[in-house]
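Basis for what follows: all heavy atoms, side chains included, without hydrogens, waters or symmetry-related copies. Below, chain A is the first sequence line, B the second, and so on; all start at residue 1.
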2 protein chains.
Amino acid sequence: MQALPSKRAARIFEQIENNKDIRRKPDAIIIANGSSVIDTSFFYLTGFQAGLFENSFLLAKRHDGISLFTSPLEESIARSDSKGIEVFAFREASGNQQKLKERAGKNVKTIGMNFSELSLSTFNLIKALFKGVRIVDIGGAVANARAIKDQDELDAIQRACSIASKIYKSVPELLKDGVTEGQIAAEMAYRMQLGGGSGVSFPSIVAFGNNSALPHYMAGEARLKKDQFVLLDYGTKYRRYCSDITRTLVYGRASKGQRKMYEIVKEALRVGTEMCTIDHSGADVHSEVAGLIDSTEYKGRFIHSTGHSLGLEVHDGPALSLAVKSKLQPGMVVTVEPGIYVPSLGGVRIEDDILITKDKPKVLTSATRELIEA
Amino acid sequence: MQALPSKRAARIFEQIENNKDIRRKPDAIIIANGSSVIDTSFFYLTGFQAGLFENSFLLAKRHDGISLFTSPLEESIARSDSKGIEVFAFREASGNQQKLKERAGKNVKTIGMNFSELSLSTFNLIKALFKGVRIVDIGGAVANARAIKDQDELDAIQRACSIASKIYKSVPELLKDGVTEGQIAAEMAYRMQLGGGSGVSFPSIVAFGNNSALPHYMAGEARLKKDQFVLLDYGTKYRRYCSDITRTLVYGRASKGQRKMYEIVKEALRVGTEMCTIDHSGADVHSEVAGLIDSTEYKGRFIHSTGHSLGLEVHDGPALSLAVKSKLQPGMVVTVEPGIYVPSLGGVRIEDDILITKDKPKVLTSATRELIEA
């Protein structure tokens, strides 16, 4: 059986072959981390669980092995978990660079790099190292390879979704007069980590009252009052893979207006989820969901796209937005997250993580979608 | 009084003026976020507490105002906290791009960008938008501006350090036979967040026994046994600023060997900290610390540099390594973190966060440096 890194490199090369935008097919690909800018594809290819791997390079040659160039700081982690990767670890950056050049070989004509997760500084460094070699963008191919999850990835995402879903049950008991958004965020993160997660997949959004109308709010110091919306958008990592779930509840009794907003969003979620099949494009799903909300009195109050791809990053590429005209494919994992935002009243968003299959969509997040009055 | 964004933009322009590597001085700087690659300098300039600001741009013209181009998703956050920044928010990326071009003006000849936190895709987008305009790297100037902290930044870092230091007291009571590294990581993250932190500044390293010999290990499923080393490398964010502290203790009774390793590292920390003055370069500090460890039986067992700069990122630029020949300056915050790693025995690292002042170094992390046998 082929080891994970070789399998995944083969998948990227396959995407490169099929990608018409990549006219010159590379003989080798280099995934290069800077110090601030780390390419998540590094962990897609290696499957390494631990380590930072700043300023490290991966070289994958077509029909050939994979080599890693890193620092002594990461060497033991890399060697203990190398899965067939050849490991070099020089203390000096120049040592790794020279070895990278040597391993790429004199015959390399074209190198592929992932321009969307590559810093310009690191690109310039590689360009100077490989004078006369053409460097082409394989970002599209990498994104496509990563968009279709393999079983290892699905197992990790399912686990991340289960951990996040499970702790939603304990939220009502956390809600009390005067509790802060930050305290709720702390309790949720703690429960997810004790449940097996390795840390939040992004800073949780815990938004009380009108703060819930800000889609990218974070947890602040607001204190909870009766009858406010409580919007929770959160997730955990598990083996570096992310979950991302949103639930909105009411602390106290929901007003008629709150319930009406909620029920529309819930219906939009249901419709959006059902649309997540291989017969539809991301644009189709988004149009349907946005159309539903825009047919109500909340026209214009859904101000973002319906969902995004999920994987090693929370926003792992676009998925359910007007710009995506291609059909969904089996193995994709996307979020469906309709919302209604009214600055003077607050907002409702409900979000599930969905696996696209050959048949029906599979919902990976299991927390209840019924309105809870806590 | 000048608002924070203008003050910080002025600081970057001042660094640009003084930087001999930047020969063509830009008329304007653009800080550009992609979707995966976010330039932390965006938050340095704006001071925004909330929001993601993916695919957003900042334009700062010399001797002129600052403009933000973002999406409706972030608009309310930006407007409520804008501190004199002009805010544009178009749903379509092209809207922001056109407005950015318009606000830069026809007379712009040279634009500065931060190449080390800029993705190649985003750079190519800006390059296409500003045809014929020269784009120069201001990464060095941005790093230098960010290296010298102002009072707002120091307040945030001090708070992050205090939160992290305080919870170390509760660690001994958490240590029990069979507890996992992951459980300890969860408890520590929880206590920091309840203490006012907004989430860990990086995935905590909790390493039992031999795992402590891997400098970039993370928390795993190992279970604690008597007389093992427990190495904890962790920190919290507060207002987006990071703390980063390491302590090593022994669960049970320290062997003679463990104590010897510990005392050498502790002495190296003391010496390294004392060296953190404006009379010394990063290379001076590192040489002294490495020299001390290499003069013992643990020669060659200190395999990383002595410290790094700390700020909006945990690794916010180099600081105490052989490559840094310039003198330390007042307002810099660096880590001092000597370690000894012996694969068959485990490792010891002790790390403090240090503010460089005109006089003596100020230690911002206060957890005890004495060896605890818990």
Could you check whether A:S305 and A:S321, counting side-chain N and O atoms only, form a donor-acceptor pair closer than 3.5 Å? no
With a 4.5 angstrom heavy-atom cut-off, which part of B:E117 approaches chain A: side chain, backbone, both or neither? both
With a 4.5 angstrom heavy-atom cut-off, could you sort out which part of B:D39 is near chain A: side chain, backbone, both or neither? neither
Looking only at A:A50, A:G220, A:S116, most heavy-atom pairs under 4.5 Å shared with chain B are made by A:S116
Do you see a donor-acceptor pair shorter than 3.5 Å between the side chains of A:T40 and A:E313? yes
Aromatic rings A:F53 and A:F43: how do their planes relate, parallel, tilted or perpendicular, breaks at 30° and 60°? perpendicular
Answer with side chain, backbone, both or neither: which region of A:L214 has an atom nearer than 4.5 Å to a non-hydrogen atom of chain B? side chain
Report the C-alpha distance between A:H315 and A:D244 in whole Å, list the side-chain angles of each, state the deciding distance to 0.1 Å, and finish with yes or no for side chain to side chain donor-acceptor pair (under 3.5 Å). CA-CA 9 Å; A:H315 292 175; A:D244 181 4; 5.0 Å; no
Who in residues 193-205 of chain B is close to chain A, using a strict under-4.5 Å heavy-atom cut-off? B:Q193, B:L194
Between B:Y238 and B:R159: side-chain donor-acceptor atoms closer than 3.5 Å: yes
Establish, from distance only, whether the side-chain atoms of B:S212 and B:N210 form a donor-acceptor pair under 3.5 Å. no
For A:R191, which residues count as a salt bridge (charged side-chain N to carboxylate O under 4.0 Å, His left out) partner, sequence neighbours excluded? A:E187
If one checks every heavy atom of A:S35 against chain B at 4.5 Å, the contacting part turns out to be neither
Contact part of B:A219 toward chain A, heavy-atom cut-off under 4.5 Å: side chain, backbone, both or neither? neither
Could you tell me whether the side chains of A:S94 and A:N96 share a donor-acceptor contact shorter than 3.5 Å? no
With chain A, which of B:L322, B:V314, B:I303, B:T180 has the greatest number of heavy-atom pairs at distances under 4.5 Å? B:I303
Partner chain B: residue of A:Q49, A:E221, A:E54 with the largest heavy-atom pair count (under 4.5 Å): A:E54
Looking only at B:V37, B:N124, B:L52, most heavy-atom pairs under 4.5 Å shared with chain A are made by B:L52
Go through the atoms of A:N114 and report whether side chain, backbone, both or neither lie under 4.5 Å from a heavy atom of chain B. neither
Who are the side-chain hydrogen bond (donor to acceptor under 3.5 Å, both in side chains) partners of A:Y341, not counting sequence neighbours? A:H304, A:R349
Which region of B:L73, side chain (C-beta onward) or backbone (N, CA, C, O), has a non-hydrogen atom less than 4.5 Å from a non-hydrogen atom of chain A, or is it both or neither? both
Do you know the tightest heavy-atom contact between B:L320 and B:T335? CD1-O, 3.3 Å
For each of A:A185, A:S71, A:A213, tally heavy-atom pairs with chain B at distances under 4.5 Å, and name the one with the top tally. A:A185
Could you check whether A:D316 and A:S309, counting side-chain N and O atoms only, form a donor-acceptor pair closer than 3.5 Å? no
Which residues pass the salt bridge (charged side-chain N to carboxylate O under 4.0 Å, His left out) test with A:D81, not counting sequence neighbours? A:K83
Based on non-hydrogen pairs under 4.5 Å, which of A:E74, A:Q183, A:E75 is most in contact with chain B? A:E74
